[in-house]
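The next block holds one structure in the form of structure tokens; read it before the comments.
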Amino acid sequence: MWNALRSHFETVKDRRFETLVDTARAEDFSAQAGDMRFDYAKTNIDADGRALLFDLLDKTGVAEKRDAMFAGAKINETEGRAVLHTALRNLDGQPVVVDGENVMPEVLETLDRMEKFAADVRSGAYSGQGGKITDVVNIGIGGSDLGPAMGALALRPYHDGPRCHFVSNVDPADIADVLRSCDPATTLVIVASKTFTTIETMTNARTAKAWMGETVTDPAAQFAALSTSEQGTADFGIDASRVFGFEDWVGGRYSMWGPIGLSLMLAIGPDAFRAFLKGGQAMDQHFQAAPWAENLPALLAVVGIWHNQVCGHATRAVLPYDNNLSRLPAYLQQLEMESNGKGVSMDGEDLSVNSGPVVWGEPGTNGQHAFYQLIHQGTRVIPCEFLVAARGHEDDLHHQHQLLVANCLAQSEALMKGRDLDEARGKVADKFEGAELERQAKHRVFPGNRPSTTLAYPQLDPFTFGQIVALYEHRVFVEGVVLGINSYDQWGVELGKELATALQPIVEGANASGKDGSTAGLVGFLQTNGL
């Protein structure tokens, strides 16, 4: 499979794919899901290459694994778990069976409880000890932070509830900065930890409780928990009515659709949150039904596979020309790199191809004045993924939004076309001549032939946002199946956590003799300087 793709790549790698992009290709190499359009015409994938990529999907059993995931099979084989974040947005309640039990009644009951609690907070029926809740502080880390934090920013135009803040870093500066802006008497703190033992989260939770206790008589009464630990939350003092659990078949980085999204629901309201869920559900249905040539998650995945595993491009830049999606690249760093950053296949063998790429990016147009220099003229090719809306939310500034869109489309065109030496000479021929003309012209050459895709949509509303998040989730799934890895465990985060636990007593003053010289030396230096 891989050999055929590599052989095809060798035959096409030196051509200028700009010559391929006519009107017919623009239609053939784009697809739609509802009113969302994905364009991958500005890549070097041709019809033959695409057919080989689709064959790869078939031979690795993507469709069969997809159906097994939605049916509740335990496709997370290393942990013996189903992978059912999709059930959290299964608003129709169609049965999903795990270990012989339909999980949907409990999922929908939890959603109803969340909606009632959110309505009570937003109306003032549930209040702080100083009055109606004005601020919500979500304390989590990883998927318990990145998802809802991204969502709260993405859907900021729809906020009509309390202000939402997010704390994740155990660095005390993080929580101190957030709490400084809140009134303890009117703040609700949400502690997001499935086990209620995550050291960073629980450290911050205790700090917040102590802060609140300086002002109110019963700080735990203004806490809610997103956790499955009945004992842990009870010991903390949180009433069971404010505890919202979720099963182990919901991975942290896939969890914002359920209780982990409570802060987002509080900000935008239950109806808008349901629209977000409906967008995710719509993408689920599209992913299950559409043939590969029209299937956005599959297309996004095969483009990524072509660029990374076939062409050898080690990174991927995600570039939303939508400021409300500023946190999307950071969210995708966890979603993609924690999921597919593996070196061993499901059967325990070393991978024969590279695993997932390094994912990074920033919103446009900021990035144009930062790292686009490297993207356009650097020695390494960096595939780019643009996102852009037809409309913003600032109707009185629509002309400015049009400038934003023009910049987005111009960047993808510039990456494809580039500028050759003759054109560069023409740009400076009136200023220089001879050898200096050649020298100056070479600095203005753009290699071009650099691939990009564009995801376009009418406007970033809750439904569309749900589509986008689910689209990238399924893209990760497809790439993981093709690579033969388990995208739903994350053993790579364990070793550092274990060593940190062992190091804490040493940092606090215990003997460091058992540590390597470098670590012991650094501990000594930091202790000498006030640790």
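Computation of the quantities below employed the complete heavy-atom set of this structure, encompassing side-chain atoms and omitting hydrogens, waters and symmetry-equivalent molecules.
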Residues which pass salt bridge (charged side-chain N to carboxylate O under 4.0 Å, His left out) with E473, listed by chain and number, not counting sequence neighbours: R89
Close aromatic pair by centroid cut-off 6.0 Å: Y331 and Y472: no
Y321 and its side-chain contact (heavy atoms from CB on, under 4.5 Å) partner, picked from L409, V405, T365: T365
Test log, rule side chain to side chain donor-acceptor pair (under 3.5 Å), inputs Q281 and D92: CA-CA 9 Å; Q281 183 183 29; D92 300 330; 3.3 Å; yes
Face-on cation placement of K209 at F236 ring, 6.0 Å and 45° thresholds: yes
Stepwise side chain to side chain donor-acceptor pair (under 3.5 Å) check, D489 with T78: CA-CA 7 Å; D489 62 16; T78 58; 2.6 Å; yes
ring-ring contact (aromatic ring centres under 6.0 Å, His included) partners for W211, two or more places apart: none
N/O donor-acceptor pair under 3.5 Å between Q490 side chain and E338 backbone: no
Which residues share a side-chain contact (heavy atoms from CB on, under 4.5 Å) with D99, sequence neighbours left out: K74
Aromatic ring proximity, centroids under 6.0 angstrom, F38 and Y40: yes
From CG (L387) to OG1 (T454), nearest 0.5 Å: 8.5 Å
Distance (rounded to the nearest 0.5 Å) between L455 CG and L299 CG: 11.5 Å
T228 side chain vs K194 backbone, donor-acceptor pair below 3.5 Å: yes
Under 3.5 Å donor-acceptor, T195 side chain and T197 backbone: yes
cation_pi(R50, F29) dist<6.0 Å, angle<=45: yes
Side-chain donor-acceptor pair present, W292, D58, cut-off under 3.5 Å: yes
Parallel, tilted or perpendicular: ring planes of F371 versus W360, cut at 30 and 60 degrees: perpendicular
Counterpart residues, salt bridge (charged side-chain N to carboxylate O under 4.0 Å, His left out), relative to D461 (two or more places apart): none
Expected output: side-chain N295 to main-chain A290 donor-acceptor under 3.5 Å: yes
Counterpart residues, ring-ring contact (aromatic ring centres under 6.0 Å, His included), relative to H85 (two or more places apart): Y254
Set of residues satisfying ring-ring contact (aromatic ring centres under 6.0 Å, His included) with respect to H474, sequence neighbours excluded: F70, F287
Exercise: do S412 and S452 side chains pair donor with acceptor under 3.5 Å: no
Ring centroid separation F276 to F463 under 6.0 Å: no
Check: A26 main-chain N/O paired with S30 side-chain donor or acceptor under 3.5 Å: yes
Under 3.5 Å side-chain donor-acceptor pair for D235 and Q231: yes
Heavy-atom neighbours of E230 CD exceed 12 at 6.0 Å: no
4.5 Å side-chain heavy-atom contact, C384 and L319: yes
